[in-house]
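The shown structure was predicted, so the numbers you read here are calculated from the model rather than taken from an experiment.
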Amino acid sequence: MFSLAQLEALRVAEIDKIASSFPAGARVLEIGGGTGTQALELHRRGFDVTAIEVPDSNYAANRVFPIKDYDGRTIPLPDASVDVVFSSNVLEHLPDLPRMHAEIRRMLAPGGICIHVLPTHTWRLWTTLTSYLEAVSFSVSSVPQLAPRALPSGAELRRLGQAWYRTARHTIGLCLPRRHGERGNIVSELWLFHPRWWRQNFRSNGFAVVGDEPMGLFYTGEMLLGRRLGLRQRARLARVLGSSCHLFKLAPIAQGSG
């Protein structure tokens, strides 16, 4: 089952891995700040951090760092005002990527870089498969709620009806997983989340990929094992099952460059 605490632990592990890629004391813009956990971690490491997020974010009620609301299209900061643009598991949710890439180019000061962490095709594959395992797990855990607890009565029949409806609805939903991002479906996301697709997208939108590598952790959207599976075990699994996220370091291509 989804766990915000587990998600935050994974996001902190991301910062531990990538913080050395940020120039010391850099002015950082985080796009899609979520709860602000990663912005807070960067702030603690001495960076000047601004985080932005859409106001109706699923994490708006759980913020731990000051976050500026924005419309999802226009970044509310002046031109050439940041040294690093950072995002984690955000770009796949943006419907107008070319516009956002243009906004990022506008924001970056000379010599600025982008650092993006993005889900991979292996994350898509294992998230789809574990959705069915989660359906089985949820159904089994719901069995006590589906059995009669008393002699038939109006109240007991209503309780049973509601329990069966909730269980059936959630189980069917898990068996019919939806796409994660803004493009394609759960099948085409196997390509749309592949590092090769992102490299092409970045280059076609005016960025040179100056470095990229797997993040080296395995997890799925269903988080079946949660904190019972530690970061060391997830790192070992990533070597076998594939990394769930990939790190890209970008630099804008100068206008007129080939």
Side-chain angles (χ1 to χ4, degrees), residues 2 7 10-11 14-15 18 28-39 42 49-60 62-63 65 67-108 112-124 127-128 177-210 212 215 221 243-253:
F2 174 79
L7 178 64
L10 292 169
R11 297 294 175 251
E14 286 181 358
I15 297 300
I18 68 177
V28 178
L29 168 67
E30 182 184 7
I31 299 173
T35 64
T37 294
Q38 290 184 308
L42 290 170
V49 184
T50 299
I52 61 175
E53 180 61 275
V54 292
D56 58 351
S57 163
N58 292 333
Y59 309 110
N62 304 104
R63 291 177 176 177
F65 185 84
I67 294 177
K68 293 184 177 182
D69 290 330
Y70 85 121
D71 62 7
R73 290 173 55 82
T74 303
I75 298 175
L77 290 176
D79 296 358
S81 59
V82 298
D83 305 305
V84 180
V85 172
F86 166 65
S87 76
S88 173
N89 295 267
V90 169
L91 296 188
E92 73 275 16
H93 295 295
L94 299 177
D96 192 348
L97 269 175
R99 178 184 173 88
M100 182 53 67
H101 286 312
E103 276 291 279
I104 291 172
R105 288 175 60 87
R106 176 182 69 81
M107 297 296 309
L108 283 173
I113 61 171
C114 301
I115 296 176
H116 297 301
V117 178
L118 289 157
T120 63
H121 54 301
T122 55
W123 179 91
R124 176 68 273 177
T127 293
T128 300
R178 297 173 294 176
R179 71 182 186 186
H180 177 71
E182 284 293 319
R183 286 160 287 280
N185 53 53
I186 64 169
V187 175
S188 62
E189 281 185 341
L190 292 170
W191 166 243
L192 294 171
F193 286 3
H194 198 286
R196 284 198 296 270
W197 189 91
W198 282 109
R199 291 182 194 110
Q200 293 175 6
N201 179 268
F202 293 139
R203 289 165 183 153
S204 65
N205 283 280
F207 289 93
V209 179
V210 297
D212 70 287
M215 289 294 291
S243 175
S244 295
C245 280
H246 201 86
L247 170 66
F248 294 91
K249 183 175 180 180
L250 314 176
I253 300 171

Between [X] and [Y], is there a donor-acceptor pair closer than 3.5 Å when you use the side chain of the first and the backbone of the second?
{"X": "Arg63", "Y": "Phe65", "answer": "no"}
{"X": "Glu53", "Y": "Gly34", "answer": "yes"}
{"X": "Glu103", "Y": "Thr74", "answer": "no"}
{"X": "Asn201", "Y": "Trp197", "answer": "no"}
{"X": "Thr122", "Y": "Ser243", "answer": "yes"}

Under the side-chain contact (heavy atoms from CB on, under 4.5 Å) test, which residues partner [X], sequence neighbours left out?
{"X": "Thr35", "answer": "Leu4, Glu8, Thr37, Tyr59, Asn62"}
{"X": "Val54", "answer": "Asp56, Ser57, Tyr70"}
{"X": "Ser204", "answer": "none"}

Not counting sequence neighbours, list each pair that qualifies as a salt bridge (charged side-chain N to carboxylate O under 4.0 Å, His left out) and has a residue in [range].
{"range": "residues 112-122", "result": "none"}
{"range": "residues 29-38", "result": "none"}
{"range": "residues 77-100", "result": "Arg27-Asp83, Arg73-Asp96, Asp79-Arg106"}
{"range": "residues 183-199", "result": "Arg124-Glu189, Arg199-Asp212"}

Residues in salt bridge (Lys or Arg N to Asp or Glu O under 4.0 Å) contact with Arg105, at least two apart in sequence or another chain: none

Identify, with sequence neighbours excluded, every residue that meets salt bridge (Lys or Arg N to Asp or Glu O under 4.0 Å) alongside Arg203. none

Ring pair (Phe, Tyr, Trp, His ring centres under 6.0 Å) filter on Phe86, not counting sequence neighbours, yields Phe22

Counterpart residues, ring pair (Phe, Tyr, Trp, His ring centres under 6.0 Å), relative to His121 (two or more places apart): His194

Check whether any side-chain heavy atom of Ile75 sits under 4.5 Å from a side-chain heavy atom of Leu29, and report yes or no. yes

Quick one: list whatever passes side-chain hydrogen bond (donor to acceptor under 3.5 Å, both in side chains) with Ser87, sequence neighbours left out. His116

Kindly say whether the aromatic ring centers of His101 and Phe202 come within a distance under 6.0 Å. yes

What closest approach, in Å, do Glu182 and Pro95 show between heavy atoms, and which atom pair accounts for it? CG-N, 3.9 Å

